[in-house]
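So the structure is just underneath, and the comments pick up after that.
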Amino acid sequence: MSTTQRIKGFADMFPPESDAFTRMENTGREIFARYGFVELRTPILEFTELFQRSIGEETDVVQKEMYTFPDSRGRLMTLRPEATAGVMRAYAESGLAGREGVSRLFSCGPMFRHERPQKGRLRQFHQINCECLGSASPFADAELISMLLHFFRALRLSGLTLNINSLGCAVCRPHFREALLRYLQSLDPAALCEDCSRRMHTNPLRVLDCKQASCRAVVEGAPRLLDSICPDCAEHFSTVQKLLDRQGHAFALDHRLVRGLDYYCRTTFEVVSSQIGAQTAVAGGGRYDGLVKSLGGPDVPGVGFACGMERLALLLDAPSPAPLDFYLVALEEEGGLQGHALAQTLREAGLRGEMNFSRASWKSLMRQAGKSGARYCLILGPDETARGDIVVKNLESGEQNTLGQDTVCHFLQTGTIHD
RNA sequence: GCGGAAGUAGCUCAGUUGGCAGAGCACCUGGUUGUGGCCCAGGUGGCCGUGGGUUCAAAUCCCAUCUUUCGCCCCA
């Protein structure tokens with residue numbers, strides 16, 4: 001195996017995918033700013049302990065998916081598997097958490113999870129994250145979800161479905177968990193699939209999410225979260241739904257929607273697409289009221305989402321790149337000298353263009369010009385350089401004119417010869 | 001971590017009783033002394049993923065390995 005090759009699950013990104021990423025980031029920045037979000041950039045590397053404490057020791061992410069290794073002093077470091085923990089850490093550490101008010105934070109960048117790659121899943125992948133900290137109000141939940149849908153609309157995406165659920169809080173969830181466990185244990189042990197028999201003990205809520213037909217049948221008869229959450233949680237969830245309704249957002253209640261990270265409580269949601277392979281979730285998030293406190297910060301509530309950029313990119317139509325304004329064909333030494341200076345002048349005037357570096361034949365250079373997709377070919381041969389002229393050829397129509405070099409810029413900008 | 005499929009030219013892929021390495025597209029040159037696209041003619045380009053094995057002979061059969069890909073688990 002060559003050492004000069006990509007690491008498995010780590011991708012190089014060329015256009016159009018790299019263009020799609022730029023577009024997602026720019027669109028996100030613009031939309032989120034309308035809601036008062038500011039950009040936060042946090043480090044990619046954090047102490048392992050941060051993720052263990054925030055995501056949860058028992059989760060798959062922490063148990064088997066993190067890139068963890070010791071630094072030179074033997075402290076365990078981890079490449080972040082998700083963004084929220086780092087954002088919380090920065091929030092608490094900066095002192096923002098101690099101040100009054102609500103903080104709305106947007107961030108994006110690479111995350112790392114050591115999993116088997118497949119469609120829509122890489123070991124280095126990218127997320128756009130938004131976190132709204134400092135408010136326990138259902139208005140915060142609804143605003144965040146509305147903003148996410150706004151973002152998707154701005155990217156002209158369709159065919160997406162919003163699912164929501166409530167997981168209850170620290171008070172009512174344990175009761176539900178026990179009720180569910182009692183129900184599962186009362187069943188014939190063969191009723192559940194192998195995974196769920198195991199999950200029943202590690203994280204019984206995940207059984208609700210199993211895709212196996214047998215388990216789904218079992219789940220139909222199981223107690224439901226929404227029937228057992230406490231009045232405060234029910235009120236909160238009801239308000240979130242009311243707010244989404246008033247804005248005309250369609251959503252589906254999904255009582256099986258259980259997120260895999262321990263810190264979620266109350267509202268959870270995800271946006272799914274059926275067009276991106278087996279991994280259907282494009283974005284997911286929820287409320288995580290105890291998280292900052294569990295990291296040693298003040299008791300500040302929060303709600304946030306993560307949006308998978310690779311998965312989003314699968315849904316974006318490839319934007320056709322803007323064509324070059326000119327391709328300059330320079331012949332012989334003097335053509336190269338004059339052309340180099342002219343091309344620079346044109347670019348500084350805002351035009352986009354390339355020129356040939358090599359001294360090839362006419363035919364070859366004209367072919368280069370044609371392939372470049374430029375609107376105009378500018379030709380500087382011996383005849384033109386001697387007179388200070390330049391040939392301007394419209395590559396689409398084939399029409400061409402000879403102009404003075406000092407008028408080309410105006411022509412390319414306006415399409416007319418006279419000023 | 002577990003399972004299926006696949007690795008042959010820059011790209012998409014043909015290539016079985018085991019017998020000289022192929023096509024289309026792309027690229028280069030010419031047909032046209034200084035004019036691209038269409039057309040015509042010619043040309044460059046391959047350790048057939050890698051390492052072993054079987055054989056007179058392996059792209060082809062066997063083993064291992066790496067990579068990609070689609071799923072499972074889980075997540076964005």
Between U67(B), G71(B), U35(B), spot the one nearest the side chain of Val391(A), thanks. U35(B)

At 4.0 Å (heavy atoms only), tell me whether Gly398(A) reaches a base, stays on the sugar-phosphate, or touches nothing. base

Tell me: CG of Leu378(A) to C1' of G36(B), nearest whole Å? 14 Å

Whole-angstrom distance between C2(B) and A57(B), as gauged at atom P: 37 Å

Round to a whole Å and report the spacing from CD of Glu270(A) to P of A76(B). 9 Å

Whole angstroms only, please: what is the NZ-P distance between Lys64(A) and G1(B)? 11 Å

Show which side-chain atoms of residues 147-163 of chain A pair as donor or acceptor with protein atoms under 3.5 Å away, not counting sequence neighbours.
residue, atom, partner, partner atom, Å
His150(A), ND1, Tyr35(A), OH, 2.7

Taking C73(B), A76(B), G36(B) as options, the one with an atom nearest any side-chain atom of Met366(A) is G36(B)

When the ring planes of His114(A) and Tyr67(A) are compared, do they come out parallel, tilted or perpendicular, using 30° and 60° as the limits? tilted

Correct closest heavy-atom pair for Leu257(A) and Asn165(A) would be O-ND2, 3.1 Å

Using Watson-Crick or G-U wobble geometry with both distances under 3.5 Å, which nucleotide pairs with A64(B)? U50(B)

Suppose we define a pair by two distances each less than 3.5 Å, Watson-Crick or G-U wobble; what does C72(B) pair with here? G1(B)

Need the pair for U35(B). Rule: Watson-Crick or G-U wobble, both distances under 3.5 Å, any strand; none if unpaired. none

Which atom pairs, donor and acceptor, lie under 3.5 Å between side-chain atoms of residues 366-386 of chain A and protein residues at least two apart or in another chain?
residue, atom, partner, partner atom, Å
Ser372(A), OG, Ala369(A), O, 2.7
Ser372(A), OG, Ala374(A), N, 3.2
Arg375(A), NH1, Asp325(A), OD1, 2.6
Glu384(A), OE1, Gly381(A), N, 2.9
Thr385(A), OG1, Gly381(A), O, 3.2
Thr385(A), OG1, Pro382(A), O, 3.1

Starting from C1' on U67(B), measure out to CD1 on Ile7(A) and report it in whole angstrom. 14 Å

Counting any heavy atom closer than 4.0 Å, what does Ala281(A) reach on the DNA or RNA strands: base, sugar-phosphate only, or nothing? sugar-phosphate

Within the structure shown, what part of the strands sits under 4.0 Å from Gly9(A) by heavy-atom distance: base, sugar-phosphate, or nothing? sugar-phosphate

Interface polar pairs with nucleotides 5-11 of chain B, N/O, under 3.5 angstrom:
none

Considering only atom P, compute the distance from G43(B) to U35(B) and round it to an integer number of Å. 26 Å

Could you check which of U68(B), G34(B), C73(B) has an atom nearest any side-chain atom of Gln118(A)? C73(B)

What's Glu310(A) touching, base or sugar-phosphate or nothing? Going by heavy atoms closer than 4.0 Å. nothing

Across all strands shown, which nucleotide pairs with A9(B) by Watson-Crick or G-U wobble geometry, both distances under 3.5 Å? none

Applying ring-ring contact (aromatic ring centres under 6.0 Å, His included), which residue pairs with at least one partner in residues 176-199 of chain A are found, sequence neighbours left out? none

Arg34(A), CZ: over 12 other non-hydrogen atoms inside 6.0 angstrom: yes

Residues Thr84(A) and Glu131(A): side-chain donor-acceptor under 3.5 angstrom: yes

Value in whole Å for how far the C1' atom of G1(B) lies from CG of Asp60(A): 11 Å

If I take atom NZ in residue Lys393(A) and atom P in nucleotide G36(B), what distance separates them, rounded to the nearest angstrom? 6 Å

Arg116(A) has an atom CZ; how far is it from atom P of U67(B), in whole Å? 10 Å

Does Phe139(A) CZ have over 12 foreign heavy atoms under 6.0 Å away? no

Sticking with atom C1', work out how far G51(B) lies from C66(B), rounded to a whole angstrom. 10 Å

Please state the P separation for the pair U69(B) and U60(B) - nearest whole angstrom. 24 Å

Is the base of G34(B) touched by the side chain of Glu384(A) through a donor-acceptor pair closer than 3.5 angstrom? yes

Separation of the C1' atoms in U50(B) and A59(B), to the nearest angstrom: 14 Å

Report the residues that fulfil ring-ring contact (aromatic ring centres under 6.0 Å, His included) with Phe269(A), sequence neighbours left out, ordered by chain and then residue number. none

Candidate nucleotides A76(B), U35(B), C73(B), ranked by approach to the side chain of Arg311(A) - the nearest: A76(B)

For the C1' atoms, the ones on C27(B) and on G10(B), what distance do you get once it is rounded to whole angstrom? 8 Å

Please report the distance separating the C1' of C63(B) from the corresponding atom of C70(B), rounded so that it comes out in whole Å. 25 Å

Could you tell me how far G45(B) sits from C28(B) if I compare only their C1' atoms? Round to whole Å. 10 Å

Please determine, for G42(B), whether a Watson-Crick or G-U wobble partner exists with both distances under 3.5 Å, and give it or none. C28(B)

Give a yes or no answer on whether the side chain of Thr407(A) reaches the backbone of Gly404(A) with a donor-acceptor pair at less than 3.5 Å. yes

Nearest-Å distance for atom pair CZ/P, residues Phe305(A) and A76(B): 13 Å

Both distances under 3.5 Å, Watson-Crick or G-U wobble: report the partner of C20(B), or none. none

Assess the pair Phe37(A) and Phe106(A): is the distance between their ring centroids shorter than 6.0 Å? no

Is the shortest distance from a Lys or Arg side-chain nitrogen in Glu115(A) or Arg121(A) to a carboxylate oxygen in the other one below 4.0 Å? yes

Comparing Pro117(A) and Val282(A) on RNA chain B - which has the more 5′ nearest nucleotide: Pro117(A)

Identify whether any heavy atom of Glu396(A) sits under 4.0 Å from a base atom; if not, whether one sits that close to sugar-phosphate; answer base, sugar-phosphate or nothing. base

Below 3.5 Å between N/O atoms, which protein atoms pair up with nucleotides 27-31 of chain B? Just atom names and distances, please.
residue, atom, partner, partner atom, Å
C28(B), OP1, Gln368(A), NE2, 3.3
U29(B), OP2, Arg367(A), NH2, 3.4

